[in-house]
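Side chains included, hydrogens not; waters and symmetry mates left out as well; all remaining heavy atoms used. Ligands are counted one by one from 1 in listed order, and the atoms in each one are counted from 1 as well.
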Amino acid sequence: MSDCLFCKIREGVIPADIIFENDDVLAFNDVNPQAPVHLLIIPKKHISTVNDMVDDDQVIMGKLFSAARTIASQKGVSDDGYRLVVNCNEKAGQTVFHIHMHMLADRALTWPPG
Ligand code: 5GP
Ligand code: ZN
């Protein structure tokens, strides 16, 4: 997707503070952090929204959770806790249409979210 911001980060065209990478997954710090730890975990494959997933994408989306577990451990927030969020479409607040999982940690997070 040539006009996709996160594909450009994956390609290295737009710089990002990369936290984690493997064959299928990339994670980088959010440019506008809402918590001391706020990063985005994305599949390298372009998928626009949860609605656009095909059945085979279950595997890759599972890998986002595996990456989250690894990153949480590396950041030392596993026991204190962290929040994983996936926004789908405008009313949920999705602004970048390459599916991504937010990881927020290192402060008390309220519920329900805004
Ligand atoms: P959404 O609102 O789609 O769930 O989340 C998109 C996130 O991407 C936002 O938290 C926003 O701060 C982040 N973001 C937008 N543009 C950039 C960018 O160029 N680089 C990085 N690292 N994050 C971005
Ligand atoms: Zn993309």
Of all heavy-atom pairs between Arg69 and Tyr82, which one has the smallest distance, and what is that distance? CA-OH, 4.2 Å

Heavy-atom nearest neighbour in the protein, as seen from atom 14 (N) of ligand 1, with distance rounded to 0.1 Å: Val31 CG1, 3.8 Å

Considering only N, O or S atoms of His98, the one closest to the Zn ion (ligand 2): ND1

Compute the minimum heavy-atom distance from Gln34 to ligand 1 and say whether it is under 4.0 Å. no

Heavy-atom distances under 4.0 Å are what count here, so tell me which part of Thr95 touches ligand 1: side chain, backbone, both or neither. both

With the Zn ion (ligand 2) at the center, what angle do SG from Cys7 and SG from Cys4 span, rounded to 10 degrees? 120°

May I ask whether Phe97 places a heavy atom under 4.0 Å from ligand 1? no

Could you tell me whether Gln94 and ligand 1 have an N or O pair separated by under 3.5 Å? no

Between His38, His98, His100, which one has a non-hydrogen atom sitting closest to atom 6 (C) of ligand 1? His100

Identity and distance of the protein heavy atom lying nearest atom 9 (C) of ligand 1: Asp30 OD2, 3.3 Å

Distance-minimising heavy-atom pair for Val25 and Ala67: CG1-CB, 3.8 Å

Any salt bridge between Lys45 and Asp57, counting N to O under 4.0 Å? yes

Whether Gln94 side chain and Val96 backbone form a donor-acceptor pair below 3.5 Å: yes

Tell me whether Val96 reaches ligand 1 (any heavy atom closer than 4.0 angstrom to a ligand atom). yes

Does ligand 1 come near enough to Gly93 that some N or O of the ligand is less than 3.5 Å from an N or O of the residue? yes

Any donor-acceptor pair under 3.5 Å from Arg107 side chain to Gln34 backbone: yes

Closest protein heavy atom (residue, atom, distance) for atom 16 (N) of ligand 1: Leu5 CD2, 3.3 Å

Should His100 and His98 be marked as a ring-ring contact (aromatic ring centres under 6.0 Å, His included) after you check the CA-CA gap, both sets of side-chain angles, and the distance that decides it? CA-CA 6 Å; His100 51 279; His98 180 130; 8.0 Å; no

With only distance considered, is His102 within less than 3.5 Å of ligand 1 through an N or O on each side? yes

The side-chain contact (heavy atoms from CB on, under 4.5 Å) partner of Met103 among Leu64, Leu84, Asp30, Ile19 is Leu84

Say whether Leu40, considering both its backbone and side-chain N or O atoms, lies within less than 3.5 Å of an N or O atom on ligand 1. no

When you measure from the Zn ion (ligand 2) to each N, O or S atom of His46, which atom gives the shortest distance? ND1

closest protein heavy atom to atom 22 (N) of ligand 1 is Asn29 O, 2.9 Å

Quick one: which of Leu40, Ile41, Leu39 gives a side-chain contact (heavy atoms from CB on, under 4.5 Å) with His102? Leu40

Which atom of Ala105 lies closest to which atom of Gly81, heavy atoms considered: CB-O, 3.9 Å

When the ring planes of Phe6 and Phe28 are compared, do they come out parallel, tilted or perpendicular, using 30° and 60° as the limits? perpendicular

